[in-house]
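The structure under discussion appears below in the form of structure tokens.
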Amino acid sequence: MPKMLSPKSRIYEFKDLIRKERQPKTKKQKNNIRCVSIQKNTEDSHDQQDHEPKLADLLENRDYLDAFRSFLQSEFSEENIEFWLACREYKRMTSSGKLSNKAADIYKEFLHPMAQKEVNIDHHTREKIKRSLVKPDLTCFDEAEMHIYRLMEKDSCPRFLKSEAYQNLRNATRNPV
């Protein structure tokens, strides 16, 4: 069968898709399809996928991080980025004496049920972190940190990328993220 081309997809050759009518199918027979590959061939979809930044890219660039933080403030969810940044800072600590104090501060500021900047995590994770504060280690916030990161990645970041603030920043910089 010859190749069939259309403007948006390519379907590559496949053989013997239709069995002969008189030949009964046995349990051991397989459909004899050699290769079927569907590939979108629009430049626009490739450009958007290739050039759309990920949250990790935004967080590595100071200008984009500041713009993202301002965007979250405008949406009344800046506690998410502040918690994530506090966890990153906590992981870079080297003094075990300060570790306990910093862990308690993070819990009071972001995880305590009455915290002014309370982040949205499940009760199980919150209690697990609370128990770990007796003897905190560098990984005690990992689960909550990843939850908040995924929340920002799936919810806040796509909205930020469509925002006027992001578009203006991207147009103003020579090296877009």
Side-chain angles (χ1 to χ4, degrees), residues 38-177:
I38 297 175
Q39 174 185 20
K40 285 193 176 184
N41 196 20
T42 59
E43 291 180 24
D44 294 340
S45 65
H46 288 294
D47 289 344
Q48 285 177 343
Q49 290 173 357
D50 293 343
H51 298 296
E52 190 170 287
K54 305 283 186 230
L55 179 60
D57 300 328
L58 297 173
L59 297 176
E60 288 177 13
N61 181 303
R62 192 62 164 161
D63 293 332
Y64 285 99
L65 173 61
D66 291 342
F68 185 56
R69 179 183 267 170
S70 295
F71 174 77
L72 291 177
Q73 285 174 343
S74 74
E75 292 201 331
F76 304 101
S77 59
E78 71 269 14
E79 68 276 0
N80 292 332
I81 191 67
E82 289 179 18
F83 172 72
W84 186 83
L85 290 169
C87 290
R88 303 302 288 180
E89 182 182 328
Y90 176 78
K91 285 183 177 181
R92 288 191 293 267
M93 295 187 73
T94 55
S95 171
S96 60
K98 292 181 180 179
L99 203 62
S100 183
N101 290 335
K102 182 68 172 175
D105 290 345
I106 290 173
Y107 182 83
K108 287 176 191 170
E109 187 173 0
F110 300 105
L111 301 172
H112 190 276
M114 299 304 288
Q116 287 185 357
K117 296 180 181 180
E118 183 183 6
V119 293
N120 187 11
I121 61 168
D122 61 277
H123 177 72
H124 172 73
T125 304
R126 185 182 319 275
E127 290 302 311
K128 185 177 171 184
I129 292 170
K130 188 177 180 180
R131 287 189 302 271
S132 74
L133 292 179
V134 174
K135 189 176 179 190
D137 62 1
L138 292 175
T139 63
C140 68
F141 295 109
D142 284 357
E143 193 175 339
E145 178 187 358
M146 282 308 299
H147 175 76
I148 295 300
Y149 182 87
R150 279 189 235 111
L151 181 68
M152 291 189 300
E153 183 177 49
K154 300 289 184 210
D155 186 46
S156 304
C157 187
R159 286 196 314 274
F160 173 66
L161 295 176
K162 293 174 186 173
S163 74
E164 188 177 332
Y166 170 74
Q167 299 300 326
N168 290 341
L169 181 59
R170 190 182 78 187
N171 293 335
T173 61
R174 291 185 175 187
N175 299 323
V177 175

**Asked** Between P136 and A103, what is the shortest heavy-atom contact and its length?
**Response** CB-CB, 3.8 Å
**Prompt:** Would K108 and E118 pass as an ion pair if we require N to O under 4.0 Å?
**Reply:** no
**Message:** Please report the interatomic distance NZ(K54) to CG(L59), rounded to the nearest 0.5 Å.
**Reply:** 13.5 Å
**Request:** Answer yes or no: is there a side-chain heavy-atom contact under 4.5 Å between L151 and V119?
**Result:** no
**Request:** Might you point out which heavy atoms bring L138 and K91 nearest each other, and give the distance in Å?
**Result:** O-CG, 3.6 Å
**Prompt:** In Å, rounded to the nearest 0.5 Å, how long is the span from CZ of R69 to CH2 of W84?
**Reply:** 10.5 Å
**Request:** Could you walk me through whether L72 and S156 pass side chain to side chain contact (heavy atoms under 4.5 Å, CB included), step by step?
**Result:** CA-CA 7 Å; L72 291 177; S156 304; 3.5 Å; yes
**Request:** Considering non-hydrogen atoms only, spot the tightest contact between I121 and L111 and give its length.
**Result:** CD1-CD2, 3.4 Å
**Request:** Let me see the working for F160 and L58 under side chain to side chain contact (heavy atoms under 4.5 Å, CB included), right down to the final yes or no.
**Result:** CA-CA 10 Å; F160 173 66; L58 297 173; 3.8 Å; yes
**Nearest atoms (heavy-atom pairs only) where I129 meets A144** = CD1-CB, 3.6 Å
**Item:** Smallest separation among heavy atoms of I148 and N80, with atom names
**Value:** CG2-O, 3.5 Å
**Asked** When the aromatic ring centroids of F71 and Y166 are compared, is their separation below 6.0 Å?
**Response** no
**Complete:** Between Y107 and K130, the two heavy atoms sitting closest are OH-CD, 3.5 Å
**Asked** CG/D66 to CG/L169 distance, rounded to the nearest 0.5 angstrom?
**Response** 9.5 Å
**Asked** Are R159 and D155 within salt-bridge range, i.e. N to O under 4.0 Å?
**Response** yes
**Asked** Where do Y64 and D57 land on the side chain to side chain contact (heavy atoms under 4.5 Å, CB included) test, with the steps shown first?
**Response** CA-CA 9 Å; Y64 285 99; D57 300 328; over 6 Å; no
**Request:** Assess whether atom CG of N120 is packed by more than 12 heavy atoms of other residues, nucleotides or ligands within 6.0 Å.
**Result:** no
**Minimum side-chain heavy-atom gap R88-E145 below 4.5 Å** = yes
**Message:** Please tell me whether D142 and T139 have a donor and an acceptor in their side chains that are separated by less than 3.5 angstrom.
**Reply:** no
**Prompt:** Are K117 and E82 close enough for a salt bridge, meaning some N to O gap below 4.0 Å?
**Reply:** yes
**Request:** Please examine the side chains of H147 and M152, heavy atoms only from C-beta on, and report whether any two atoms are closer than 4.5 Å.
**Result:** no
**Request:** Measure the OG-CZ distance between S163 and R170 for me, rounded to the nearest 0.5 Å.
**Result:** 10.5 Å
**Message:** What I'd like to find out is whether the side chain of S77 reaches to under 4.5 Å of the side chain of E79, using heavy atoms alone.
**Reply:** yes
**Request:** Show your reasoning for whether side chain to side chain contact (heavy atoms under 4.5 Å, CB included) applies to C140 and Y90.
**Result:** CA-CA 10 Å; C140 68; Y90 176 78; 3.6 Å; yes
**Asked** To the nearest 0.5 Å, what is the distance between CZ (R150) and SG (C157)?
**Response** 15.0 Å
**Fill in**
NZ of K102 to CZ of F141, rounded to nearest 0.5 Å, is 9.0 Å
